[in-house]
**Student:** 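Sharing a structure here in structure tokens format.
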2 protein chains.
Amino acid sequence: MRLATKATHQQTRAFNHGLVLRTIYDLGPISRAEIARVTELTRTSVSELVGEAIDEGLVEEVGRGPSSGGKAPILVQVVEDARVVIGLDLGEQAFAGALVDLRGRVQRRIEVPVDGRDGKAALGAVERLVDELVDAAPAGRLLGIGVGTPGLVDTETGEIRWAVNLDWQDLPLGRILAERTGLPAFVANDSRAAAMGEYLFDVNRRAPNLVAIKIGHGIGAGIVLGGELFAGDGFGAGEIGHTSVVDDGVECRCGRFGCLETVASSRAVVEQALAEAARHPDGDLARRLAQNGGELTIDDVAEAVRAGDEQARRIAAAAGRWLGRAVAALIGTLDIRHVVLLGNVTHLGDPWLDAVRDEAARRALTLLSRETSIEIGGTSEDTVLLGASALLMSRELGLVPAR
Amino acid sequence: MRLATKATHQQTRAFNHGLVLRTIYDLGPISRAEIARVTELTRTSVSELVGEAIDEGLVEEVGRGPSSGGKAPILVQVVEDARVVIGLDLGEQAFAGALVDLRGRVQRRIEVPVDGRDGKAALGAVERLVDELVDAAPAGRLLGIGVGTPGLVDTETGEIRWAVNLDWQDLPLGRILAERTGLPAFVANDSRAAAMGEYLFDVNRRAPNLVAIKIGHGIGAGIVLGGELFAGDGFGAGEIGHTSVVDDGVECRCGRFGCLETVASSRAVVEQALAEAARHPDGDLARRLAQNGGELTIDDVAEAVRAGDEQARRIAAAAGRWLGRAVAALIGTLDIRHVVLLGNVTHLGDPWLDAVRDEAARRALTLLSRETSIEIGGTSEDTVLLGASALLMSRELGLVPAR
DNA sequence: GAAACTTTGTCCGTCGACTTGACAAAGGCG
DNA sequence: CGCCTTTGTCAAGTCGACGGACAAAGTTTC
């Protein structure tokens with residue numbers, strides 16, 4: 001429980017409420033007595049808190065468990081569709097929105113292409129998306145709206161400071177959506193939202209600290225510390241895409257030279273592949289280029305890698321090594337043992353992942369990198385959308401970080 | 001307030017106690033009514049908490065302040081010598097220990113050279129140092145022992161995992177000192193301790209997040225997030241000295257190649273200076289080398305820089321630029337607006353600092369680095385020792401992070 | 001200079017929330 | 001079948017923040 005100022009009884013209560021909820025969420029079906037043991041609260045307090053959660057409809061009793069020499073426990077469980085959340089992913093190519101239940105399962109999904117819309121037009125598309133999902137949601141069970149968007153976002157006010165592609169600047173999206181729907185809204189940077197999704201919905205990976213790096217068009221990391229998203233002083237924590245890594249690098253869209261994005265993003269990989277195709281007109285990449293009518297996507301390159309094309313493999317490995325450098329810096333700085341990789345560049349598969357791991361291990365202090373796991377995370381298209389939902393759920397239900 | 005498990009009334013109380021104490025510490029002399037306004041606690045609660053602090057001898061009434069149209073307020077203030085802390089700095093060349101009061105003022109200081117001692121002998125020296133300081137401390141006012149040491153430290157158990165120079169491995173120093181003296185003891189890595197010292201004792205710089213980088217023999221950063229030291233999953237957060245930055249670098253004492261330490265530490269600077277002296281036997285550096293009987297220290301180089309020697313200046317700037325790279329990575333990763341530089345390499349002065357700033361600005365996303373301040377911090381020899389004291393005080397008195 | 005108004009600090013009663021202890025219900029075990 | 005355990009609940013106790021009232025000690029106004 002992080003407090004701005006004073007501590008009160010209400011906060012204590014809210015914290016314990018969240019703690020019990022989280023315990024049921026993680027360990028359920030579970031008995032009240034067991035919750036008391038795990039949380040170290042008394043059985044009395046747990047009973048009261050569980051009762052409250054049942055009244056709210058969040059939890060239900062589901063029969064009795066086996067006895068262990070005494071009265072058989074009454075098991076309680078989270079009602080998975082007790083609430084739904086609207087999760088939005090304002091991607092660079094398309095806006096996706098969905099109704100998500102408490103387990104992070106997508107109930108209904110809508111996607112609209114961006115088609116170059118920006119400014120007011122883009123905002124209008126978001127509003128229509130939200131309206132449609134609000135209408136589709138079961139009455140009275142809608143908990144709120146979580147939004148993941150590229151760019152710099154003030155998560156406290158829900159204001160988008162700066163989103164290049166959509167040409168949004170100082171747009172109070174959180175307030176706009178909250179006023180339109182009467183629901184709480186939470187806006188976060190897409191990489192950070194995805195990180196929180198990995199943290200909340202992946203039951204196996206419940207370490208208190210986690211870094212999720214999303215490598216797609218851009219590169220950004222979400223840093224979860226002690227179960228909470230770390231924002232930094234200016235909501236820019238994790239913006240690693242624009243630290244320069246190449247000494248005499250090419251110009252980046254940010255205006256500077258040699259940024260990580262210029263060598264490790266999907267755009268960079270595709271450009272490398274195009275150059276390679278031009279150099280070897282009879283190669284696999286050139287063949288795919290011709291097939292696709294002069295266009296190549298990251299997934300074309302990924303397929304070439306899987307098909308065993310040596311050039312594609314080299315390109316993937318090179319991109320992976322650049323990323324590995326950044327991962328090494330992260331590990332060295334924060335000593336976080338769990339690194340999750342997200343975004344479409346992960347489709348490049350093992351040659352790429354191995355390069356990331358190898359380079360990270362070689363560049364970070366052995367003692368640290370030895371115990372660090374670097375894995376590819378949720379590969380679904382919904383990572384950001386789910387993460388945004390996770391953030392809203394975590395905030396509205398007061399789900400408390402485990403351990 | 002970060003909680004492992006449940007929240008209780010006692011924690012609420014402890015938190016508010018610390019909050020009041022911290023408010024008096026920062027804003028004192030201050031009236032109870034003013035504390036109530038700042039903390040948003042009621043006057044009643046504040047009165048009780050202040051009364052408690054007075055009973056503990058931590059706070060005293062110091063006359064009345066000016067009236068603002070009503071009864072003149074009774075001002076209270078922290079009794080600066082109400083408690084003393086033993087702060088230890090187990091440096092690579094010498095062990096320093098001191099009694100430190102609540103304002104971070106050194107009351108009595110002892111220093112013993114290490115003289116190559118390690119293992120048990122070094123531990124013995126530490127114990128003698130502590131014994132002497134315990135005897136010198138005013139009876140009943142000793143709050144505990146804070147230790148800053150190089151190496152990897154488990155701050156939770158007070159166990160030193162690995163300290164190369166002293167040849168300590170898995171040494172439970174915290175427990176040893178606690179049992180020997182009956183006092184609470186807290187052990188932390190030296191850079192991290194120094195960071196906490198900068199945070200706690202520098203009244204002007206009270207942002208919630210701060211990074212302090214200590215550049216001496218080794219290079220390490222302490223990361224303060226939300227007023228608390230961030231340790232990472234394996235107590236290695238901030239170990240940036242051994243991330244490799246040079247592609248075809250020289251071998252580092254850690255066994256790998258091109259680490260930051262090989263180009264930006266005091267050792268690296270001195271080596272560069274020696275090479276320069278050999279190259280230009282009639283230069284300023286060579287002259288100083290001869291004067292000192294074949295030895296050069298970082299301070300000799302610093303003096304050469306101040307004297308305007310162009311070669312020394314170039315060496316300083318080069319070292320600064322390498323560090324600037326690391327700072328850029330830090331800012332990009334964490335978006336922390338306050339960076340403090342500590343350690344004897346800071347003696348190189350403006351040419352070095354300018355290089356750090358310039359390189360950091362050029363390599364980090366403009367939007368972030370623009371508002372970041374990079375300053376040289378407490379230049380006294382006691383930074384680590386004071387920081388270790390700060391950590392213990394912060395923990396034992398429950399001093400709560402401001403804002 | 002007295003009355004009216006402010007501000008401060010404390011006292012007392014209230015209330016919210018966790019804890020303790022007791023107890024009935026419900027099961028296993030000898 | 002009786003004894004022991006475990007579970008869940010109830011009533012009483014306690015801790016600690018809150019709110020209102022009030023005296024003390026100022027300032028401002030007339």
**Student:** With sequence neighbours left out, what residues match A:Glu34 under side-chain hydrogen bond (donor to acceptor under 3.5 Å, both in side chains)?
**Tutor:**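 Partners of A:Glu34 under the side-chain hydrogen bond (donor to acceptor under 3.5 Å, both in side chains) test: A:Arg37.
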**Student:** Less than 4.0 Å between a side-chain N and a carboxylate O, is that true for A:Glu80 and A:Arg103?
**Tutor:** yes
**Student:** Can you tell me if the side-chain N/O atoms of A:Asn16 get under 4.0 Å from OP1 or OP2 in C:dA17?
**Tutor:**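 Negative; the distance criterion is not met.
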**Student:** Could you pull out all residues at least two apart from A:Glu396 that satisfy salt bridge (Lys or Arg N to Asp or Glu O under 4.0 Å)?
**Tutor:** none
**Student:** When you check the gap from the basic side-chain N to the acidic O, do B:Arg337 and B:Asp335 get nearer than 4.0 Å?
**Tutor:**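 Between B:Asp335 and B:Arg337 there is a salt bridge, with a charged N closer than 4.0 Å to a carboxylate O.
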**Student:** Find the distance A:Leu19:CG to C:dC18:C1' and express it as a whole number of Å.
**Tutor:**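 About 14 Å, once rounded to whole Å.
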**Student:** Could you tell me the separation between the CD atom of B:Gln11 and the P atom of D:dA17, rounded to a whole number of Å?
**Tutor:** 13 Å
**Student:** Name the atoms and distances for all side-chain donor-acceptor pairs under 3.5 Å in residues 70-77 of chain A, with sequence neighbours left out.
**Tutor:**
none

**Student:** Do we see a donor-acceptor contact under 3.5 Å between the side chains of B:Thr23 and B:Thr39?
**Tutor:**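 No donor-acceptor contact under 3.5 Å links the two side chains.
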**Student:** So, is A:Ser67 near the phosphate of D:dT6, with a side-chain N or O under 4.0 Å from OP1 or OP2?
**Tutor:**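 For D:dT6, OP1/OP2 do not have a side-chain N/O of A:Ser67 under 4.0 Å.
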**Student:** To 10°, what angle do the rotation axes through the five end pairs on each side of the helix from C:dG1-D:dC30 to C:dG30-D:dC1 form?
**Tutor:** 0°
**Student:** Might you list the N or O atoms of the protein lying below 3.5 Å from N or O atoms in nucleotides 8-10 of chain C, with each pair's distance?
**Tutor:**
unit_1 : atom_1 : unit_2  : atom_2 : d
C:dT8  : OP1    : B:Arg37 : NH2    : 3.3
C:dT8  : OP2    : B:Arg37 : NH1    : 3.1
C:dG9  : OP1    : B:Ile74 : N      : 2.6
C:dG9  : OP1    : B:Ile74 : O      : 3.2
C:dG9  : OP2    : B:Arg32 : N      : 3.3
C:dG9  : OP2    : B:Ala33 : N      : 2.9
C:dG9  : N7     : B:Arg43 : NE     : 2.8
C:dG9  : N7     : B:Arg43 : NH2    : 3.1
C:dG9  : O6     : B:Arg43 : NH2    : 2.7
C:dT10 : OP2    : B:Arg32 : NE     : 3.4
C:dT10 : OP2    : B:Ser47 : OG     : 2.4

**Student:** For B:Glu48, which residues count as a side-chain hydrogen bond (donor to acceptor under 3.5 Å, both in side chains) partner, sequence neighbours excluded?
**Tutor:** B:Arg13
**Student:** May I ask you to verify if any side-chain N or O of A:Arg13 is less than 4.0 angstrom from the OP1 or OP2 atom of C:dC18?
**Tutor:**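 A:Arg13 to C:dC18 OP1/OP2: side-chain N or O found under 4.0 Å.
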**Student:** Taking atom P of D:dC15 as reference, at what distance in whole Å does atom CD of B:Glu52 sit?
**Tutor:**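 In whole Å, D:dC15 P lies 13 Å from B:Glu52 CD.
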**Student:** Looking at A:Ala237, is its backbone amide N or carbonyl O close enough to the side chain of A:Arg192 to form a donor-acceptor pair, meaning the two atoms are under 3.5 Å apart?
**Tutor:**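 Checking the backbone N and O of A:Ala237 against the side chain of A:Arg192, a donor-acceptor pair under 3.5 Å is found.
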**Student:** Check the distance between C:dC18's P and A:His9's NE2 and give it to me in whole angstrom.
**Tutor:** 9 Å
